[in-house]
Amino acid sequence: MNSNDTRTKIDPVFYWVLGILLIFIVVGISAPARLEAITAAAQAFIADRFGWYYLIVVTFFLLVCLFFIFSPYGKIRLGKDEDRPEYSYLTWFAFLFSAGLGVGLLFFGAAEPIAHYAVSSPTVEEGTGAAALESMKYVFLHWGFHGWAIYAIVAICLAYFNFRKEQPGLISAALSPLINPNGFFGKTIDVIAIIATLSGIATTLGFGAAQMNGGISFLTNLENSFMLQLAIIVVITVLFLISASTGLDKGIRILSIVNMTLVVLMLLFFAVFGATMYSLNLFTNTLGQYIQSLPELSFTIAPNSAEHRAWINAWTLFYWAWWMAWSPYVGTFIARVSRGRTLREFVIGVLLVPSLLGFVWFSFLGGTSIAAESSGAAAISTLADEEMLFGVLSTMPFSTITSFITIFLIAVFFITSADSATFVLGSQSTKGSLNPANKIKITWGLLMSATAAVLLYSGGLQALQNTMIVVAFPFSIIIVLMVISLLKALRQERLKEQVKERRLRRELVELRNFKNKHEREEKKRLKQEQKKTAQTCRAKKQSSENQTTKKERLTIDTDKPSPIKQRPAFAGLHFIFKSLK
């Protein structure tokens, strides 16, 4: 292959990140307790000192998205003006759903509603009807518009500068109006973006491995252990690397459609055999509460309640960090499959469709879980987080079959997320290539799985959460700079369009004036010609009339008797007349 091929031209940031990861992996293996303590201390510091910042900045991203929907910028395409979408709406939504939600839907589908309802409610007494309503309201907050606004902002910035401005598909390139993307700061930003992507994906893969382990332990006599989780990671790694080698339009596309199909089937299963009416009523009531209290929930930090503040740190701040850590990965992937869509179309699609699907999903899984817990059908709240979904399935028909299908679905989500992540990481480390070479994707896949395994080994799920919150903090600042850069570029483009519009209007006015002047001159000329023609016609007519009159007179004169001849005849008649008298 040509050495100049951008698919294999590795950016220096690859080696920087590789060095950081190797240090992290060595420390995690040799001193796991130390690594867990360091990440826990850093996470606690950020949550306590900058929790207010997380709430404000995420809400700011949502407001920017709403601005794009209603502003004149909404008609701008993520690409050239002649570009059109590459994928249908159905395939596009499947991509969004699979890449943006993934394993989290299955891991938290039952675990989070039960946690807020029966384990630790934000503000009300656990196990009550009020706790059920409050539980789902916060679930909607954590999986709704705010999180998807983070994805949308990053994707818009990447797609706009990549497809419309023909910049590389890198985070640093989206800051080109503010900094030199090829300088030190640009490379540093790309390093932070790759590490954030790795931490977010590693956390998700860790959740997936833990839940698959939990399902297997729930159904069999195998213990929930790190070695089983490591075996799961190894098997899944082999599978997603095989998928990654087939390319975006084959492996990921097929897996995304399989994901959507299985998710819909599972949702229909819960809708038919779960707490159907309770879930529908819970969805309707919670949707209204969520929309009504969205401004208040967006800024709730509980300064006067240490217990409520601890709950916000553990849940809301964790989710905002998770969404932001995932945003380089999901944003890059969504940008890649959204070329040609208008800004307004993109924001509406990304904000509304996945959010509503997520609300329906959590209403049925969460509603069925809460109904089973409150009725005493199963003590779901006593199970580990990764086993709660399987505890709910055990109360429903065909529990064994559906549990194994769920494990398979987790594996497919696992593979899809990891496959997509190898593409994104490969793109970010090869100067934004849209088709990175397989060997680069395989390298990132191995590093990603090793990071997930080390985090699980060093402190389980808590270590995953701590690391992600720490890494998401610096990247949140980068996203703010990306928004400023995008608005600046959009404003410059709008000013250029306005100049073109004014120039076009001026040219149209000049053309209209020239046309009007030409029409007036033409009318004047035609009028003069008509007048001249009329005069000519009158002159010809007068001449013709004169000639006719002359001829008539000549004819009359010719027909009269000569006066000399008339005199004798007249004299004779006069004589006769006198004689008769």
Side-chain angles (χ1 to χ4, degrees), residues 20 23-24 27-28 31 33-64 112 115-116 120-123 138 141-147 149-151 153-154 171 175 178 185 188-189 191-200 202-203 206 294-328 455 458-484:
I20 295 172
I23 295 173
F24 178 83
V27 173
R34 183 65 176 167
L35 179 62
E36 198 274 337
I38 292 173
T39 57
Q43 182 270 339
F45 176 80
I46 292 175
D48 290 337
R49 299 290 182 177
F50 296 98
W52 59 270
Y53 162 77
Y54 271 57
L55 297 183
I56 290 176
V57 76
V58 173
T59 304
F60 167 70
F61 297 149
L62 177 58
L63 293 176
V64 172
E112 185 176 355
H116 301 340
S120 177
S121 179
T123 60
Y138 274 95
L141 172 68
H142 296 154
W143 294 88
F145 300 146
H146 285 80
I150 298 172
Y151 287 170
I153 286 293
V154 175
I171 299 296
L175 296 172
L178 303 179
F185 288 109
T188 302
I189 286 170
V191 169
I192 295 173
I194 293 176
I195 293 176
T197 302
L198 272 170
S199 68
T203 301
L294 188 60
E296 180 183 358
L297 293 173
S298 301
F299 299 102
T300 298
I301 196 64
N304 298 319
S305 174
E307 184 179 359
H308 190 194
R309 175 61 190 275
W311 187 94
I312 292 172
N313 290 350
W315 285 100
T316 304
L317 297 187
F318 158 72
Y319 271 114
W320 292 170
W322 193 8
W323 287 95
M324 283 189 283
W326 256 48
S327 62
L455 287 173
S458 63
L461 296 180
Q462 189 59 49
L464 294 170
Q465 297 180 28
N466 293 341
T467 303
M468 189 174 56
I469 291 176
V470 171
V471 175
F473 179 72
F475 191 71
S476 68
I477 301 173
I478 294 175
I479 302 177
V480 173
L481 294 176
M482 291 173 70
V483 173
I484 296 172

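Given the structure is predicted, the values throughout are model-derived calculations rather than measurements.
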Query raised in the report: Roughly how far, to the nearest 0.5 Å, is CZ of F318 from OG1 of T316?
Result: 11.0 Å
Report task. Provide the closest heavy-atom pair for A47 versus L317 in the form atom of the first, atom of the second, distance. Result -> O-CD1, 3.8 Å
**Report entry** Heavy-atom pair with the smallest gap, counting every atom of I301 and G51
**Finding:** CD1-C, 3.9 Å
Query raised in the report: Which atom pair, heavy atoms only, marks the closest approach of F61 to I150?
Result: CD1-CG1, 3.9 Å
Report task. Mark yes when over 12 heavy atoms from residues, nucleotides or ligands other than F185 sit less than 6.0 Å from its CZ; otherwise mark no. Result -> no
Query raised in the report: Using 30° and 60° as the class limits, which term best fits the ring planes of W326 and W322: parallel, tilted or perpendicular?
Result: perpendicular
Report summary line: For I478 and I171 the tightest heavy-atom approach is CG2-CG2, 3.8 Å
Query raised in the report: Do I20 and V191 come close enough that some side-chain heavy atom pair is under 4.5 Å?
Result: yes
Query - pair I479-M324: side-chain heavy atoms closer than 4.5 Å - result: yes
**Report entry** From OG1 (T59) to CG (L297), nearest 0.5 Å
**Finding:** 10.0 Å
Query raised in the report: Checking S120 side chain against H116 main chain: does a donor-acceptor pair fall under 3.5 Å?
Result: no
Query - H308 side chain reached by T300 side chain, heavy atoms, under 4.5 Å - result: yes
Query raised in the report: Between F50 and F45, how do the two ring planes meet: parallel, tilted or perpendicular, split at 30° and 60°?
Result: perpendicular
Query raised in the report: Can you tell me how far the CD atom of Q43 sits from the CD1 atom of I38, to the nearest 0.5 Å?
Result: 14.5 Å
Requested in this report: Apply the side chain to side chain donor-acceptor pair (under 3.5 Å) test between Y319 and each candidate in Y54, Y138, W143; give the one that qualifies.
Outcome: W143
Requested in this report: Please answer whether the main-chain N or O of D48 pairs with a side-chain N or O of R309 as donor and acceptor at a distance below 3.5 Å.
Outcome: yes
Report task. For S476 and F473, indicate whether the former's side chain and the latter's backbone hold a donor-acceptor pair under 3.5 Å. Result -> yes
Report summary line: Rounding to 0.5 Å, atoms CG (L178) and CE (M482) come to a distance of 11.0 Å
Requested in this report: Say whether, by atom type as modelled, one donor and one acceptor occur between the side chain of W323 and the main chain of H142 under 3.5 angstrom.
Outcome: yes
**Report entry** Nearest non-hydrogen partners of A325 and A472, listed with the distance
**Finding:** N-CB, 4.2 Å
**Report entry** Separation of I189 CD1 from F475 CZ (nearest 0.5 Å)
**Finding:** 9.5 Å
Query raised in the report: CG of L62 to CD1 of I153: how many Å apart, nearest 0.5 Å?
Result: 9.0 Å
Report task. Indicate yes or no: at least one non-hydrogen side-chain atom of S298 is less than 4.5 angstrom from one of L55. Result -> no
Query - W311 to P122 - nearest heavy-atom pair and separation - result: CZ2-CG, 3.3 Å
